Amino acid sequence: MKVLVPVKRVVDANVKVRVKADGTGVDLSNVKMAMNPFCEIAVEEAVRLKEAGTASEVVVVSIGPQAAQETLRTALAMGADRGILVKTDATVEPLAVAKILKAVVAAEGPQIVLLGKQAIDDDANQTGQMLAALLGWSQGTFAFKLVKEGDTLTVTREIDGGLQTVKLKLPAVITTDLRINTPRYASLPNIMKAKKKPIDEKTPADYGVDVAPRLAVLKVSEPAKRKGGVKVDSVAALVDKLKNEAGVI
Amino acid sequence: MRALVIAEHTNSALKDATAKAVSAAQKLGGEVDVLIAGEAARPAAEEAAKLSGVAKVLLAEAPSLARQLAEPMAALVVSLAGPYDALVAPATTNGKNVMPRVAALLDVMQISDVVSVDGPDTFTRPIYAGNAMMQVRSGDAKKVLTVRTASFQAAGAGGSAAIESVPAAADPGLSEFVSEQLAKSDRPELTSAKIVISGGRAMASKENFAIIEKVADKLGAAVGASRAAVDAGYAPNDWQVGQTGKVVAPELYIAVGISGAIQHLAGMKDSKVIVAINKDEEAPIFQIADYGLVADLFQAVPELEQELAKLGK
Ligand SMILES: Cc1cc2nc3c(=O)[nH]c(=O)nc-3n(C[C@H](O)[C@H](O)[C@H](O)COP(=O)(O)OP(=O)(O)OC[C@H]3O[C@@H](n4cnc5c(N)ncnc54)[C@H](O)[C@@H]3O)c2cc1C
Ligand SMILES: Nc1ncnc2c1ncn2[C@@H]1O[C@H](COP(=O)(O)O)[C@@H](O)[C@H]1O
């Protein structure tokens, strides 16, 4: 069984991005980039499926600029077998990403596609669900635990009220939540080995997908700033402020 | 302009998130209908019919809809989408699960986590954990939106919409509900509570959360947590507040032993009044707190409970 893992190159989670003065976007020059944390979790889960003998091959795919190759190398160093770079300098929206992934699925024939639940740049939380729709597959979003039994996949999901377990028919699309695993750090020997693993290069046009955006970005602005408040020196003073100044208790 | 709101409900009751999505949908400027999809869900439909400004309630009932799994839900919503210009759901885990599937089936780019409806095709949403706000115009014929409940007032009562039964679409038969582990609590829901008190990694154990819960009960507050506290097993997953957890905007948010990472702030910085209790006076949470108390939480929180008791809480 083959597992496909789409991985996105994004701004590192520790960077606080700045909005460009002209309101056209955020300033990404000289900013540290990394694999989207939820994608790392997805790669880890796929590699564990392989280590458990459940999966036979883990293929990673990234849609993005040439530099997204580094993200693929990171995934290969974690234990994925090979990579596909779908090269484009355009900003590709989740719907178009899903369409490209659908074509990759047709070419690769995986039984499971494991994505992150959310990319921490666009915060869209859409791509996996969209891919499942386009493929007509079952979906297990916000996965907390996966158990494969025959041709079904039992998925425990993090939902608003707690946890929900569903049984999915394979093939399936899964999106990972934070607590399904803790991704490993690639060891130096594995980083060296990853350099020799193959990465195929494609373009969106190879898959016949139009990546023209559906959403026109009118403006990107700073969020409303909070003004710093005051320090209080005791719990009694705090309660007094909350009652008599803020009127919230 | 006609919008359909996909309701969040428990079959027997409507959730507050629906009333908020209704008010977001009303900002589109046209008629608003509500879809209740479930099993034995007429009680929820009756509540939806009473929301002010709702034109019609569509009620789809089938065993396959009982748990609102994504595959049958998306099939249903797509089957009803024809006359609507916009499909709107609250950005709950349900909405986030179902709506992108709907959007892709309709070949539409969804707009997630809308915080402001600026026009029938123009919306603002946060990106990068709320460090930037993006205003977009959708060129798609139908708009598919999930809306942040914390950003919209709930639609009031006083409506008397008609309830119309609609057939459930055929179940694609791809998924099956197995079980659910839902936290039972008498406290208000995190996303609709007027007061939220959250604990972080510094709580150091599940047992220690009891001191926070005591304060919560005095204040009628909901209890939240940072990711670190959830990851460590001190608090259940559904308490996580943040970029990738729940987004809250209560009247009062009390952060206890939470450093104030951007991912946490993303989930609570729109609260009206923010209190931080942290023993490190340099903690970033103090930069956004209206009232900061530099103190050891294990002293300050029990003391807070006593001070509240003095007020008769
Ligand atoms: C992809 C991704 C998604 C994330 N999503 C979220 C999210 O949704 N929500 C979220 O919260 N985080 C999220 N995070 C994690 C986030 O980056 C922080 O790691 C997390 O918020 C830290 O939690 P904390 O403040 O409880 O812990 P810490 O950062 O460890 O802070 C603990 C604080 O407690 C204080 N303290 C210690 N002892 C005491 C004491 N006795 N009394 C008083 N104060 C004390 C310390 O001074 C410190 O400030 C995410 C991270 C990533 C990478
Ligand atoms: N450009 C991309 N290349 C590869 N995978 C992507 C890309 N964009 C999104 N994904 C996948 O979809 C998930 C969710 O992204 P999003 O829907 O944008 O929040 C990510 O965690 C990735 O697994």
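Chain letters run A, B, ... following the sequence lines, proteins first, then strands; residues in each count from 1. All values derive from a computational prediction rather than experimental measurement.
- Closest heavy-atom contact between B:A104 and A:L134: O-CD2, 3.8 Å.
- Closest heavy-atom contact between B:A300 and A:V235: O-CG2, 3.7 Å.
- Counting only heavy atoms from C-beta outward, the side chains of B:N237 and A:F144 never approach each other to under 4.5 Å.
- Contact of A:K225 with chain B is not made at all, since no heavy-atom distance falls under 4.5 Å.
- Contact detail for B:V108 and A:R214: the closest heavy-atom pair is CA-NH1, 4.1 Å.
- Side chains of B:N94 and A:D160 form no contact here, defined as non-hydrogen atoms less than 4.5 Å apart.
- Among all heavy-atom pairs drawn from A:I159 and B:D238, the shortest one is O-CB, 3.9 Å.
- Between B:L174 and A:L168 there is no side-chain heavy-atom pair separated by less than 4.5 Å.
- Look at B:D107 and A:K99 and you find a salt bridge, because one of the NZ, NE, NH1 or NH2 atoms lies within 4.0 Å of a carboxylate O, short of that distance.
- Scanning both residues, B:P100 and A:M130, for their nearest heavy atoms gives O-CG, 3.4 Å.
- Between A:L215 and B:R137 there is no side-chain heavy-atom pair separated by less than 4.5 Å.
- With rounding to the nearest 0.5 angstrom, the CD atom of B:E307 is 7.5 Å from the OG atom of A:S234.
- Applying the side chain to side chain donor-acceptor pair (under 3.5 Å) criterion to B:T244, with sequence neighbours excluded, gives B:Q240.
- The distance from the CD atom of A:Q126 to the CZ atom of B:R101 is 14.5 Å, given to the nearest 0.5 Å.
- Between the NZ atom of A:K117 and the OG1 atom of B:T93 there is a distance of 9.0 Å, given to the nearest 0.5 Å.
- The cationic group of A:K231 lies under 6.0 Å from the six-membered ring centre of B:F286 and within 45° of the ring axis, placing it in a cation-pi geometry.
- Taking both residues in full, the closest heavy atoms of A:R226 and B:I288 are given as NE-O, 3.2 Å, listed atom of the first, atom of the second, then distance.
- In the model, B:S112 has no side-chain atom that pairs as donor or acceptor with a side-chain atom of A:N125 under 3.5 Å.
- Your options are A:K169, A:E93, A:Q118, A:Q139, and the one with the most heavy-atom pairs under 4.5 Å with chain B is A:Q139.
- Defined by atom type and a distance below 3.5 Å, a donor-acceptor pair is present between the side-chain atoms of A:D123 and B:Q243.
- No side-chain heavy atom of A:T165 sits less than 4.5 Å from a side-chain heavy atom of B:E180.
- Using a 4.5 Å cut-off on side-chain heavy atoms (C-beta onward), B:Y128 and A:V26 make contact.
- Atom NZ of B:K142 has more than 12 heavy atoms from other residues, nucleotides or ligands within 6.0 Å.
- Heavy atoms of B:T191 lying under 4.5 Å from chain A are absent altogether.
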